[in-house]
Amino acid sequence: MKVRGRNIFLIPYMLWIIIFVISPILLVVYYSFLDLDGNFTLSNYQTFFTPVYLKMTLNSFWYAFLITAFSLLIAYPTAYLLTKTKYKQLWLLLIILPSWINLLLKAYAFLGIFGTYGFANAMLEVFGIGKKQILFTDFSFIFVSVYIFIPFMILPIFNAIDKLNPSLIDASRDLGSSAWMTFRRVVFPLTIDGVKSGCQVVFIPALSLFMLTRLIAGNRVITLGTAVEQHFLVTQNWGMGATIAVFLIIIMVLIMFLTGNRKRGVL
Amino acid sequence: MSNQAIIRFEKVTKQYDEDPPVLNDVSFEMERGRFYTLLGPSGCGKTTILRLIAGLIEPTSGKIYIDGKLVNDVPANKRQVNTVFQDYALFPHLNVFENVAFGLRIKKLKKEEIKQKVREALRFVNLEGYENREIKEMSGGQRQRVAIARAIVNEPEVLLLDEPLSALDLKLRTEMQYELRELQQRLGITFVFVTHDQEEALAMSDEIFVLNNGVIQQRGTPTDIYDEPINRFVANFIGESNILKGRMIQDYLVEFAGKQFTCVDGGFNPNETVEIVIRPEDLEITPPEKGKIQVKVDSQLFRGVHYEICCYDQQGTEWIIHTTKKVNVGDDIGLYFEPEAIHVMRIGETEEEFDARLEAYHEQGVANEG
């Protein structure tokens, strides 16, 4: 009786999962087996393994990797310093704040800043370097992506460092380690879970970025995300778009699996 | 200033911002190979002293010497001192072996040497065969031993212990008290043990420093401190006591509870107002007419080893008695005590003044006899 009573509360959740998670995935898989005329085919999968798409996959990985790496490089020290400040929750809030602004708005703001007559070029002129092409380059694409993803990287790392028992650092110093040794042997290993979840929430969306590739990178960077968008909206080849989506899903699951958190007993 | 001193504090003060100092102008010496206990209520500065010795914090002013060398500017990782932390601070991402080997790996010892030393340290704390256990698989008492092994494997000259037994249950705590004492004697190094538990301090130490409000109130052997507390704070903090207002008529004669008694204390001004300490276990129950003081039993508590009896005398002063004899509530009884059981304290006396007075009237006593 009791168990059945409790199961009733699970129904909305189950419905949600079925309607918004499981059925879309099944639909995507279904479409990936259809050609342009709606007939069953495996050709989409064959096409995916041609150099064009493989290169695109590699490209996506490379950019996603760069974005994740730079985000991590900036986020870890920032998160570390944040935990040492007096009003850390306030500072954290200020850093998280930009992530509440719509992505599109931020992208357009950067169009203005990086444009030919934008703030960035104005500054370059002041310093006598002269105007440069900033928009539509790899640099601007990675810069803006990193800017957008950084809050998502900082948050889990901040939480991990904040949770760290400070007496472990005392113990490490007491046992003879220098500050660097303490970081390498104690702080970093104990916050690696935060780093992992940070990388997850950055790498996976970065893999399928499409709006920024158009707006900021001027379609010079073509990732799997761009390809999906083009197939669905421009070429109307839903089958091919769905196939790429299937591969994206597989890659995401693999990454989640590989960076999955092993739970450790934290004293 | 003996060459024996392994740790020396010279007028050390520690203050955070504008708050009152946590440690106020403290000076002391600790000798090699002895068991010291820093005892006091929370916030008295005992842990601060420990962290100053370890080098985890720096003094605001004053000098700290370890083994004769000024160490104010020596960071924690360069000091020949190791700490057993209150929460053990074992590294959760390393197993028992790696936890103990941590300090040795930092020193870049050879693999074989590390292996041998870790095994030896674990044998010392009776944890052979636990090398590959994860920390979370260990019980509280075992974690405690790992923490000790991790510290002693580095062969420190001083081992600092920050309330290491407070998280253990009573039985285990008593066992560990014996083990720690024995460990200290086997290693022959200096132990500095911090606790707020007076029984622990009395049972384990060669010497106790009683602290309150950032000042050392009294230092001495457990019996010194128990039998001759310097002031009300120490008397109250160490064991139970009856503290009464009194008047010193002359040397060896004191008045309290409306009567005069011979005692063994001296060196006071005539008719000086003093405080009297009589320990509850020094009071003996007699029939009313045979007692030095007559009281009425107000309540009685069974404490296991003894009864704790609360009585009031005619003046309304409360008397606590520890005895194995049972009495009835409402009974009139007499209390008997030896002159040695009376301990007289001068109000507001510092430790130096106390020592000086003790010396003076002892000398005088010897002179009188001669």
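Here the structure is a predicted model, which means the values were calculated and not measured. Proteins get letters first, then strands, A, B, ... in listed order; numbering begins at 1 in each.
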Asker: Would you please test A/L175 and B/F91 for side-chain contact (heavy atoms from CB on, under 4.5 Å) and show each step?
Answerer: CA-CA 12 Å; A/L175 291 166; B/F91 303 118; 4.1 Å; yes
Asker: Around A/K55, counting heavy atoms of other residues, nucleotides and ligands shown, do more than 12 lie under 6.0 Å from its NZ?
Answerer: no
Asker: Answer yes or no: are there more than 12 heavy-atom neighbours, outside A/K106 itself, under 6.0 Å from its atom NZ?
Answerer: yes
Asker: Output the distance between atom CG (B/L56) and atom CD1 (A/I169), rounded to the nearest 0.5 Å.
Answerer: 11.5 Å
Asker: Output the distance between atom OG1 (B/T83) and atom CZ (A/R173), rounded to the nearest 0.5 Å.
Answerer: 12.5 Å
Asker: Relative to chain A, which segment of B/N82 carries a heavy atom at a distance below 4.5 Å: side chain, backbone, both, or neither?
Answerer: both
Asker: Do other residues, nucleotides or ligands put more than 12 heavy atoms under 6.0 Å from the CZ atom of A/F143?
Answerer: no
Asker: Please look at B/V81 and chain A and tell me whether the side chain, the backbone, both or neither of the residue comes under 4.5 angstrom of a heavy atom of that chain.
Answerer: backbone
Asker: A quick test of your reading: do over 12 heavy atoms of other residues, nucleotides or ligands sit less than 6.0 Å from CE of A/M211?
Answerer: yes
Asker: Nearest 0.5 Å, please: how far is CE in A/M181 from CZ in B/R105?
Answerer: 11.5 Å
Asker: Should we count OH of A/Y76 as having more than 12 external heavy atoms under 6.0 Å?
Answerer: yes
Asker: Could you check whether atom CD of B/E58 has more than 12 heavy atoms from other residues, nucleotides or ligands sitting under 6.0 Å from it?
Answerer: no
Asker: With a 4.5 angstrom heavy-atom cut-off, which part of B/R79 approaches chain A: side chain, backbone, both or neither?
Answerer: neither
Asker: How long is the span from the CG atom in B/L94 to the CG atom in A/L190, to the nearest 0.5 Å?
Answerer: 7.5 Å
Asker: Check B/N77 against A/G176 and note the closest heavy-atom contact, atom names and distance.
Answerer: CB-C, 3.3 Å
Asker: May I ask you to check whether over 12 heavy atoms, not counting those of A/K84, lie within 6.0 Å of atom NZ?
Answerer: yes
Asker: Side chain, backbone, both or neither: which part of A/S172 has a non-hydrogen atom closer than 4.5 Å to chain B?
Answerer: both
Asker: Please report the closest heavy-atom contact between B/F102 and A/S177, naming both atoms and the distance.
Answerer: CE2-OG, 3.4 Å
Asker: At a heavy-atom distance under 4.5 Å, which candidate from A/T182, A/D174, A/V186 has the highest pair count against chain B?
Answerer: A/D174
